[in-house]
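Here is the structure we will look at.
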Protein chains: 2
Amino acid sequence: MTRVSKRDQIVEAADDLFYRQGFDHTSFADIAGVVRISRGNFYHHFKTKDDILDAVIAARLANTRAMLADWQVQGDSPAARVGAFIDILLTNRDKIERHGCPVGTLATELAKLNHGAQADAAAIFTLFRTWLRRQFDQMGQGARADDLALHLLARSQGIATLMTAYRDPDFLCRERDALHDWLDGLAPPPPHH
Amino acid sequence: MTRVSKRDQIVEAADDLFYRQGFDHTSFADIAGVVRISRGNFYHHFKTKDDILDAVIAARLANTRAMLADWQVQGDSPAARVGAFIDILLTNRDKIERHGCPVGTLATELAKLNHGAQADAAAIFTLFRTWLRRQFDQMGQGARADDLALHLLARSQGIATLMTAYRDPDFLCRERDALHDWLDGLAPPPPHH
DNA sequence: GTCTATAGACGGATAGAC
DNA sequence: GTCTATCCGTCTATAGAC
């Protein structure tokens, strides 16, 4: 018995390949080659490619939830937690330059394929959106919180796209600083009585 | 003799299909089906799929140059011309919601495929970047002009990505207004003596 | 006869599905 | 392991223009 179940190994390999190569461009053989499994055994776990996609999205949702919960505990203040979100652009810089943002690129690819899992992929965005909205709400932004969350998501996505196209470290630093300035410039919450 | 050469018809059809379905997911048969020619005839015009991609990128470069030249003539001021750029998000709203931005999604897909034409695709971005830089320069932004151009490109790309994921008209309007506010808030050029 | 455009068939490879 | 479908790329054949 392996430490990790064969099914989880398949999902993990597919997750990585979908990110690096794209969903459509990744074949069963690619995944089977990574997991070292026969194709016959493959269909014991997943009947169709779409089933694998569903499992990968479910895994990404779970991983994102865990990451956000972790940030929630580790960040000292809502502003600091949003700052941690902004800095994933730096943390994952190499991967983003080569393969883009895993959330945005999957959503875009599924849109082009007119794939039925588009809404599921968008749910990953919504995880970040809801988490950010809560931070902004705790910063006293109230009614604006959701708008700010979407705004920051869009800014991050755009930076990721241009990082992939240009791979310019100066651009990344400028935009990262601009986002932190934007965050600092948000009206602070009204003081307690 | 047709009005448009068969080769140009192929490029036009491929351009559209690459945008709507993605480059990798579009087959010769797809393109041939649109142009109504046999696959055999296809290879008289293009030897490989990459040759078609090169031609499509060349066509997009030419079309973009023509569009920017048109904007350059029609806009009354550099700020108005940048405003026209911002408003393509509204003009092309339906297409962007379904297939994303043609510039950004191609660059991202080619990055995932680790395709040799990545630099050529990025050149389309550079066309917009250079044009925007010139507008900001004429607005008196001097040394900041290129940074502003990249910033606006990134903002637009991010909005396009979230438009595809959420298809929320309110979000689009808010972000469009925010971009116009940002544009209006740029320091005006120093007055002439 | 030569050149170009078109068509259609064939082959090897690979895809997803069972 | 097999099946069917589709992919890309090559091949040959035909038709008309010059």
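Below, chains carry the letters A, B, ... as their sequence lines are ordered, and counting in each starts from 1. Please read all numbers here as calculations on a predicted model, not as lab measurements. Every heavy atom of this structure was used, including side-chain atoms; hydrogens, water molecules and symmetry mates were not.
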### Task
Name every residue in residues 19-50 of chain B that has at least one heavy atom under 4.0 Å from any atom of DNA chain C, in order of residue number, or write none if there are no such residues.
B:I37, B:S38, B:G40, B:N41, B:H44, B:H45
Which atom pairs, donor and acceptor, lie under 3.5 Å between side-chain atoms of residues 124-133 of chain B and protein residues at least two apart or in another chain?
| from | atom 1 | to | atom 2 | distance (Å) |
| --- | --- | --- | --- | --- |
| B:T126 | OG1 | A:Y166 | OH | 2.8 |
| B:T126 | OG1 | B:A122 | O | 3.2 |
| B:R129 | NE | B:D146 | OD1 | 2.9 |
| B:R129 | NH2 | B:D146 | OD2 | 2.8 |
| B:T130 | OG1 | B:T126 | O | 2.8 |
| B:W131 | NE1 | B:L68 | O | 3.2 |
| B:W131 | NE1 | B:Q72 | OE1 | 3.0 |
| B:R133 | NH1 | B:D146 | OD1 | 3.3 |

List the atom pairs, with distances to 0.1 Å, where a side-chain N or O of residues 151-165 of chain B and a protein N or O form a donor-acceptor pair under 3.5 Å, not counting sequence neighbours.
| from | atom 1 | to | atom 2 | distance (Å) |
| --- | --- | --- | --- | --- |
| B:H151 | ND1 | A:E175 | OE1 | 3.1 |
| B:H151 | ND1 | A:E175 | OE2 | 2.9 |
| B:H151 | NE2 | B:R155 | NH1 | 3.0 |
| B:S156 | OG | B:L152 | O | 2.8 |
| B:T161 | OG1 | B:Q157 | O | 3.1 |
| B:T164 | OG1 | B:I96 | O | 2.9 |
| B:T164 | OG1 | B:A160 | O | 3.0 |

### Query
For DNA chain C, which nucleotides open and close the run of contacts to chain B, 5' to 3', at under 4.0 angstrom from a non-hydrogen atom?
C:dA5 to C:dG8
### Task
For atom CD of A:E12, decide whether the heavy atoms of other residues, nucleotides or ligands shown that lie under 6.0 angstrom number more than 12.
no
### Message
Taking the side chain as everything from C-beta on, heavy atoms only, tell me whether B:D120 gets closer than 4.5 Å to B:R60.
### Response
no
### Query
Based on Watson-Crick and G-U pairs with both distances under 3.5 Å, what dot-bracket line describes DNA chain C 5' to 3', crossing pairs as [ ] and inter-strand pairs as |?
||||||||||||||||||
### Message
Pairing donors with acceptors under 3.5 angstrom, does anything connect the side chains of B:S38 and B:N41?
### Response
no
### Task
Would you mind reporting whether A:R81 and A:P78 have side-chain heavy atoms less than 4.5 Å apart?
yes
### Test item: side-chain donor near acceptor, B:D87 and B:H180, under 3.5 Å
yes
### Query
Can you name the ring pair (Phe, Tyr, Trp, His ring centres under 6.0 Å) partners of B:F23, sequence neighbours left out?
B:F18, B:H115
### B:P102 side chain reached by B:K95 side chain, heavy atoms, under 4.5 Å
no
### Query
Which of parallel (below 30°), tilted (30 to 60°) and perpendicular (above 60°) describes A:F28 and A:Y43?
tilted
